[in-house]
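Note sheet for the following structure.
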Amino acid sequence: MTKKIAVLTGAGISTSAGIPDFRGPDGVWTKHPDQMSVYDIDAFLHDQEAREYSWRWQKESPVWNAQPGAAHKALVKLEQAGMLTLLATQNFDALHEKAGNSPDIIVNLHGTIGTSHCMKCHAKYNTADIMAKLDEEPDPRCHRKLKYKNDMLCNGMIKTDVVYFGEALPDGAMEKSYSLATKADELWVIGSTLEVFPAASIVPVAAQAGVPITIMNMGRTQYDRLATRLIREDIAVALPQLVDETIAANS
């Protein structure tokens, strides 16, 4: 019987791919609290300067240019072995998609920078297309022609699918995560401080359902007591090792 493994990833899996975390001791927001306004929905909606700054900051951020690391690739291997049933992530860097995990098992709890949408007509965009034209259009607008308005351009504001402060999580994201985490044979937490809710609540919910929990994180978390296995090693090394051992033990 193939073992079903649910995974929750946080900033720690992406720091090895060159993305600084946001809330750790050296985090972007710890050192520069003013940068949090980049992801403030009220500022984005009501201030063109804030909107242009938000777009420019995201384009120049390591989040946008990063490539998947060894840890991301290990989770692709776990999926290819038929063992990964859920990949819930607190990261919005789209690195799990870039690495090759299937969108069917990825739940972007805090949204994703990989795609964008029009806030007026809800047209969908690839963020890469918008970033490519950002110099010409620093405050990106929707170019969709509205059939019911004689092909008039929509001109609505475009925003990345990252969940900004003040916005709700994507529809059904937590429900799907709870459901798959409680049905799994194991839950692995990779590189999350488990401080941000509701994402962190996946751990106690799974624990209550009797699912054994592995926490792989350099620092302590508030749910370490619920873990059956704690791994405090470099994720880029420890996760590929754990994946290989798990696949070997299941074959």
A side-chain contact here means heavy atoms from C-beta on lying under 4.5 Å apart; do [X] and [Y] qualify?
X: Met119; Y: Ile41; value: yes
X: Asp244; Y: Lys77; value: yes
X: Leu8; Y: Leu194; value: yes

Practice problem: Would you mind listing the cluster partners of Leu75? Hydrophobic ones only (ILVMFWY), side-chain contacts under 4.5 Å, chaining allowed. | Solution: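 Ile5, Val7, Ile13, Leu78, Met83, Leu84, Leu87, Ile105, Ile106, Trp188, Ile190, Met216, Ile231, Ile235, Leu239, Leu242, Val243, Ile247, all in the cluster of Leu75.
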Is it the case that over 12 heavy atoms from other parts of the model lie below 6.0 angstrom from the [atom1] atom of [X]?
X: Lys98; atom1: NZ; value: yes
X: Asp171; atom1: CG; value: no
X: Arg220; atom1: CZ; value: no

Contact summary for [X] and [Y], nearest pair of heavy atoms:
X: Lys176; Y: Val107; result: CD-CG2, 3.7 Å
X: Cys154; Y: Cys142; result: CB-SG, 3.8 Å
X: Leu226; Y: Ala207; result: CD1-CB, 4.1 Å
X: Gly156; Y: Cys118; result: CA-SG, 3.9 Å
X: Gly111; Y: Pro170; result: N-CG, 4.2 Å
X: Pro140; Y: Leu134; result: CG-CD1, 3.8 Å

Main-chain N/O of [Y] paired with [X] side-chain donor or acceptor, under 3.5 Å:
X: Asp93; Y: Leu95; result: yes
X: Arg141; Y: Asn155; result: yes
X: Arg229; Y: Ile213; result: no
X: Thr221; Y: Thr193; result: no
X: Ser179; Y: Glu175; result: no
X: Asn126; Y: Ala128; result: no
X: Glu79; Y: Ser102; result: yes
X: Gln90; Y: Ala11; result: no
X: Lys120; Y: Ala123; result: no
X: Glu136; Y: Lys133; result: no

So if you build clusters from Ile, Leu, Val, Met, Phe, Trp, Tyr with side-chain heavy-atom gaps below 4.5 Å, do [X] and [Y] land together?
X: Leu169; Y: Leu180; result: yes
X: Met157; Y: Phe165; result: yes
X: Leu86; Y: Val76; result: no
X: Phe197; Y: Tyr39; result: no
X: Val196; Y: Val189; result: no

Practice problem: Decide side-chain contact (heavy atoms from CB on, under 4.5 Å) for His72 and Ser14; before the verdict, give the C-alpha distance in whole Å, the side-chain angles of both, and the deciding distance to 0.1 Å. | Solution: CA-CA 8 Å; His72 294 93; Ser14 291; 3.5 Å; yes
Exercise. Please lay out, stage by stage, how Lys4 and Val211 fare under the test side-chain contact (heavy atoms from CB on, under 4.5 Å).
Key: CA-CA 11 Å; Lys4 296 197 293 278; Val211 178; over 6 Å; no
Self-check item: Stepwise side-chain contact (heavy atoms from CB on, under 4.5 Å) check, Trp55 with Ile130
Solution: CA-CA 9 Å; Trp55 272 106; Ile130 296 163; 3.7 Å; yes
Quiz prompt | Reference residue Ser54; test side-chain hydrogen bond (donor to acceptor under 3.5 Å, both in side chains); the match among Glu52, Arg51, Gln58 | solution =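 The single option meeting the side-chain hydrogen bond (donor to acceptor under 3.5 Å, both in side chains) with Ser54 is Gln58.
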Measuring from atom [atom1] of [X] to atom [atom2] of [Y], what distance do you get when rounded to the nearest 0.5 angstrom?
X: Lys124; Y: Ser116; atom1: NZ; atom2: OG; value: 10.5 Å
X: His110; Y: Asn91; atom1: NE2; atom2: CG; value: 9.0 Å
X: Thr246; Y: Gln241; atom1: OG1; atom2: CD; value: 10.5 Å
X: Lys3; Y: Asp185; atom1: NZ; atom2: CG; value: 6.5 Å
X: Leu153; Y: Leu146; atom1: CG; atom2: CG; value: 8.0 Å
X: Ile202; Y: Leu187; atom1: CD1; atom2: CG; value: 7.5 Å

Quiz item: With sequence neighbours excluded, what pairs up with Thr85 under the side-chain hydrogen bond (donor to acceptor under 3.5 Å, both in side chains) test?
Solution: none
Quiz item: So, are Arg56 and Asp135 salt-bridged, with charged N and O less than 4.0 Å apart?
Solution: yes
Quiz item: Residues in salt bridge (Lys or Arg N to Asp or Glu O under 4.0 Å) with Asp104, at least two apart?
Solution: none
